[in-house]
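Because only heavy atoms are used, hydrogens play no part in the values below, and waters and symmetry mates are left out as well, while side chains stay in.
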Amino acid sequence: MAKSPKVSANPAPAGLVVHISGLLPALSPAEQRVARLVVADPADAARRTITDLATAAETSEATVIRFCRSVGMDGYPQLRLRLAAEAARRVEPPDTRVVGGDIPPGADLAQIIATIAFSDARAVEDTADQLDPAVCERVVDAIVGADRIDIYGAGASGLVASDFQQKLHRIGRAACCFPDVHTALTSAALLGRGDVAVGISHTGTTSEVIEVLGQARSGGATTVVLTNFPRSPVTEVADHVLTTAARETTYRSGATASRLTQLTVVDCLFVGVALRNRPRTRKALEATDEAVRSHRVDSRRRRV
């Protein structure tokens, strides 16, 4: 059996807050209180002394130091410098009523639209900033060389899994998607070397996805995980880990910003696969487009 992937503790140069958000579930409760203060207001955290931050988080200075090391920092001075630099780069929302990405009670539709648009755009940008091109390249290599590709997801992630399957199928890749855990397990049990299993789980704790990927991996298939949390349980059954950077809020838990960021990564992988063999891709797209053309209404037709 292949070894579990090594998830780097060192954040990308421009993504410390995103990195901390992704690691938050893996931190101790006391470290999580520090993390939430840092993520909520990086500029304010950067101005605080270690004593001030520990007091605000209702913990000790030793815990703050442990938190720094848990997120890849040598110590508190480095954390403050990185937070200050990132706070200086953060883009403020164009609408002054958009605060923190959450939607307050009583918000009108104009405020809802502005908040969602800003939060979604930031989530996609943050995902692109922290996405590792080298890991994406290895995943594309695996998919291009695969005899068979199975894609798994539950709930909103299942919709993304279905989208990825449809995209790959359109360019002639043998891909299947199984929303039911029983059919997913029976399919995974038949995967072996040369096959690829892709699991999508925002939280990284979806038991069905973990179980199915474990089954696929035990047979020798290459396993790929797309999750928002790089130290979540699902990464333990993955050969390759891809991460998103979505922050869900009160009314948008698990099914909105996370879905958009997952689709962004899926699109990157799809285009990477498609470009490996342009003639084959072009021919497949032309054939599939022709097959459904008769089911499109002619835009030149007018109602009488």
Side-chain angles (χ1 to χ4, degrees), residues 2-8 12 15 124-153 157-179 184 187-188 190-201 209 212-213 216-217 219-228 230 234-235 237-245 258-293:
K3 294 180 180 179
S4 296
K6 292 182 179 179
V7 180
S8 174
V124 170
E125 291 172 359
D126 286 345
T127 293
D129 285 343
Q130 59 80 56
L131 195 59
D132 190 335
V135 178
C136 289
E137 192 74 26
R138 290 194 288 272
V139 173
V140 168
D141 287 340
I143 292 174
V144 168
D147 297 320
R148 177 175 155 190
I149 307 151
D150 278 7
I151 308 170
Y152 311 104
S157 293
L159 299 176
V160 179
S162 179
D163 177 81
F164 194 20
Q165 182 272 333
Q166 188 270 343
K167 283 183 167 69
L168 292 174
H169 195 65
R170 275 207 68 192
I171 60 173
R173 298 289 169 180
C176 297
C177 178
F178 300 93
S187 174
L190 299 176
L191 296 179
R193 294 191 181 280
D195 298 324
V196 173
V198 180
I200 303 174
S201 171
V209 175
V212 171
L213 283 185
R217 199 184 197 200
T222 297
T223 53
V224 179
V225 163
L226 175 57
T227 181
N228 204 71
V234 75
T235 64
V237 291
D239 297 310
H240 306 293
V241 177
L242 295 167
T243 52
T244 55
S258 62
R259 187 178 69 248
L260 291 173
T261 55
Q262 288 170 349
L263 288 169
T264 297
V265 178
V266 161
D267 284 350
C268 291
L269 296 177
F270 167 70
V271 173
V273 171
L275 290 178
R276 289 294 183 89
N277 191 330
R278 293 192 184 195
R280 173 181 172 174
T281 296
R282 188 181 300 110
K283 183 177 179 180
L285 290 174
E286 289 173 354
T288 53
D289 183 68
E290 181 63 30
V292 300
R293 185 170 297 172

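To the nearest 0.5 angstrom, Asn228 atom CG is 13.0 Å from Ile200 atom CD1. Remark: Ile149 CD1 to His169 NE2 distance equals 11.5 Å, nearest 0.5 Å.
Annotation: salt bridge (charged side-chain N to carboxylate O under 4.0 Å, His left out) contacts of Glu290 (sequence neighbours excluded): Arg293. With sequence neighbours excluded, the residues that form a side chain to side chain contact (heavy atoms under 4.5 Å, CB included) with Leu263 are Val160, Asp163, Arg259. Looking at residues two or more places apart in sequence or on another chain, you find a side chain to side chain contact (heavy atoms under 4.5 Å, CB included) between Asp150 and Arg148, Tyr152, Cys176, Phe178, Ser187, Leu191. Qualifying side chain to side chain contact (heavy atoms under 4.5 Å, CB included) partners for Asp147, counting only residues two or more places apart in sequence or in other chains: Asp195.
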Name every donor-acceptor pair, under 3.5 Å, that has one atom in a side chain of residues 135-145 and the other anywhere in the protein, sequence neighbours excluded.
from   : atom 1 : to     : atom 2 : distance (Å)
Glu137 : OE2    : Arg276 : NH2    : 2.8
Asp141 : OD1    : Arg276 : NH1    : 2.9
Asp141 : OD1    : Arg276 : NH2    : 2.6

Identify every side-chain donor-acceptor pair in residues 264-274 under 3.5 Å, counting partners at least two apart or on other chains, and give the distances.
from   : atom 1 : to     : atom 2 : distance (Å)
Thr264 : OG1    : Leu260 : O      : 3.0
Asp267 : OD1    : Lys167 : NZ     : 3.4

Test Asp239 against Thr223 for side chain to side chain donor-acceptor pair (under 3.5 Å), laying out the working first.
CA-CA 5 Å; Asp239 297 310; Thr223 53; 3.2 Å; yes
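Counting only distance, with no hydrogens or angles, the side chain of Gln262 and the backbone of Thr244 share no donor-acceptor pair below 3.5 Å. Looking at Arg280, its side chain does come within 3.5 Å of a backbone N or O of Gly172 through a donor-acceptor pair.
In this structure, Ser157 and Ser201 approach most closely via the heavy-atom pair OG-CA, 3.9 Å.
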